[in-house]
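One structure is given below, encoded as structure tokens.
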Protein chains: 2
Amino acid sequence: MKPKEIIQAAGIDRETLRFYETKGLLPKAKRTSSGYRDFPDSILDRLSFIKTSKDAGFTLREIKELIELKSKKVTCRNGRDIALRKRQEVLDKMKALREMKKILDCFVDACNEKGEKGLSRPCHFSFDTISCKFGK
Amino acid sequence: MKPKEIIQAAGIDRETLRFYETKGLLPKAKRTSSGYRDFPDSILDRLSFIKTSKDAGFTLREIKELIELKSKKVTCRNGRDIALRKRQEVLDKMKALREMKKILDCFVDACNEKGEKGLSRPCHFSFDTISCKFGK
DNA sequence: ATAAACTATGTACTATAGTACAAGCTCAAG
DNA sequence: CTTGAGCTTGTACTATAGTACATAGTTTAT
């Protein structure tokens with residue numbers, strides 16, 4: 001695949017594609033006679049994996065480490081253990097999100113409890129002290 | 001509270017405290033006669049809120065916006081709607097994390113399926129193509 | 001054949017979130 | 001009354017994840 005096809009299919013821009021390439025996150029591209037890059041179609045899976053991982057809050061460095069588990073230096077056992085640690089990080093992040101959701105729900109409830117008139121006025125409670133008096 | 005008490009209680013360092021202060025994330029500190037800062041105890045709630053928000057993947061800019069909902073310019077209705085949008089972002093992040101967890105689970109299962117001998121050898125499948133053939 | 005679109009490379013710039021000094025006050029203990 | 005821990009301000013530096021631009025070569029459509 002040529003750059004333009006890739007960036008259209010993956011929804012990233014040319015510079016980001018190159019940036020990921022310099023970071024070693026992408027499969028090696030063949031070169032045409034004139035030096036144009038020709039990536040394997042699998043690059044779309046790779047970019048999709050990068051996106052999912054980024055959305056999950058992992059850095060490009062971490063993503064690279066996951067990608068490199070395929071390398072022949074890493075045994076399945078080591079790879080599995082690394083994956084299990086990452087899995088735990090994911091669970092921790094989920095916990096943080098549940099906590100955040102709770103805080104936001106409480107804030108919303110506190111606003112709604114003010115009724116129609118209250119909703120039109122400034123709200124003087126703030127997130128950091130609200131700590132879910134509303135039993136959520 | 002004086003800086004040292006705060007950084008010990010909150011587990012951040014002096015420079016980070018000051019950095020947050022310059023970013024307008026912290027309550028105003030009174031000054032002692034000699035110019036030392038004296039923060040209200042509520043700073044610990046604030047720092048805790050910042051931590052939760054950061055763990056949930058929000059930027060300091062976003063966190064500041066949430067903190068400023070208390071300002072008198074914002075009605076409860078507007079504040080509530082902003083909170084509801086943030087809540088949706090949290091739900092989206094949760095979805096990304098579930099997706100990531102699924103990928104990691106599949107990788108772990110794929111490794112385990114190799115058995116004792118396989119676990120000691122390199123694993124040649126990678127995350128971006130594994131796409132949960134294992135029915136998770 | 002020539003202009004427009006596409007590509008490669010290199011460099012520079014941005015924003016975010018800190019982290020690391022350095023110089024100079026202040027306060028509390030010995 | 002001095003010494004060290006703690007404080008203030010300012011400045012500079014780092015890493016991450018891009019984004020923008022300039023220059024130059026290549027392909028494609030008219």
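This structure is a prediction, so every number in the text was calculated from the model and none was measured.
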Separation of D:dA17 atom P from A:Phe19 atom CZ, nearest Å, is 7 Å

Applied to residues 6-33 of chain B, the ring-ring contact (aromatic ring centres under 6.0 Å, His included) test, sequence neighbours excluded, yields none

To the nearest angstrom, the OH-P distance between B:Tyr20 and C:dA17 comes to 9 Å

Applying side chain to side chain donor-acceptor pair (under 3.5 Å) to B:Ser120 and not counting sequence neighbours gives A:Arg77

Does C:dT19 have OP1 or OP2 under 4.0 Å away from a side-chain N or O of B:Thr16?
yes

Tell me which donor-acceptor pairs under 3.5 Å the side chains of residues 86-97 of chain B have, and how far apart each pair is, sequence neighbours excluded?
{"residue": "B:Lys86", "atom": "NZ", "partner": "B:Glu89", "partner atom": "OE2", "Å": "3.4"}
{"residue": "B:Arg87", "atom": "NE", "partner": "A:Asp105", "partner atom": "OD1", "Å": "2.4"}
{"residue": "B:Gln88", "atom": "NE2", "partner": "B:Asp92", "partner atom": "OD1", "Å": "3.1"}
{"residue": "B:Lys93", "atom": "NZ", "partner": "B:Gly57", "partner atom": "O", "Å": "3.4"}

So, with a heavy-atom separation below 4.0 Å from DNA chain C, the residues of residues 47-65 of chain B are B:Lys54, B:Thr59, B:Leu60, B:Arg61

Per nearest nucleotide of DNA chain D, the residue lying toward the 5' end, A:Thr32 or A:Asp13, is A:Asp13

In short, salt bridge (Lys or Arg N to Asp or Glu O under 4.0 Å) pairs touching residues 26-45 of chain B with sequence neighbours left out are B:Glu21-B:Arg37

Between CE of A:Met1 and C1' of C:dC6 the distance, given in whole Å, is 16 Å

The ring-ring contact (aromatic ring centres under 6.0 Å, His included) partners of B:Phe49 (sequence neighbours excluded) come to A:Phe127

Expected string for nucleotides 2-14 of chain D under the B/S/- scheme (protein heavy atoms, under 4.0 Å, primed atoms plus P, OP1, OP2 as sugar-phosphate) is ----BSSBBB---

Excluding B:Val108, membership of its hydrophobic cluster (Ile, Leu, Val, Met, Phe, Trp, Tyr; side-chain heavy atoms within less than 4.5 Å) reads A:Leu84

| message | Taking NZ in B:Lys51 as the centre, count heavy atoms belonging to other residues, nucleotides or ligands within less than 6.0 Å. Is the count above 12? | response | no

For residues 3-14 of chain A, please give each side-chain donor-acceptor pair under 3.5 Å, one per line with the distance, not counting sequence neighbours.
{"residue": "A:Glu5", "atom": "OE2", "partner": "A:Lys2", "partner atom": "N", "Å": "2.9"}
{"residue": "A:Asp13", "atom": "OD1", "partner": "A:Glu15", "partner atom": "N", "Å": "2.9"}
{"residue": "A:Asp13", "atom": "OD1", "partner": "A:Thr16", "partner atom": "N", "Å": "2.9"}
{"residue": "A:Asp13", "atom": "OD1", "partner": "A:Thr16", "partner atom": "OG1", "Å": "3.2"}

Separation of C:dA20 atom P from B:Ile12 atom CD1, nearest Å, is 14 Å

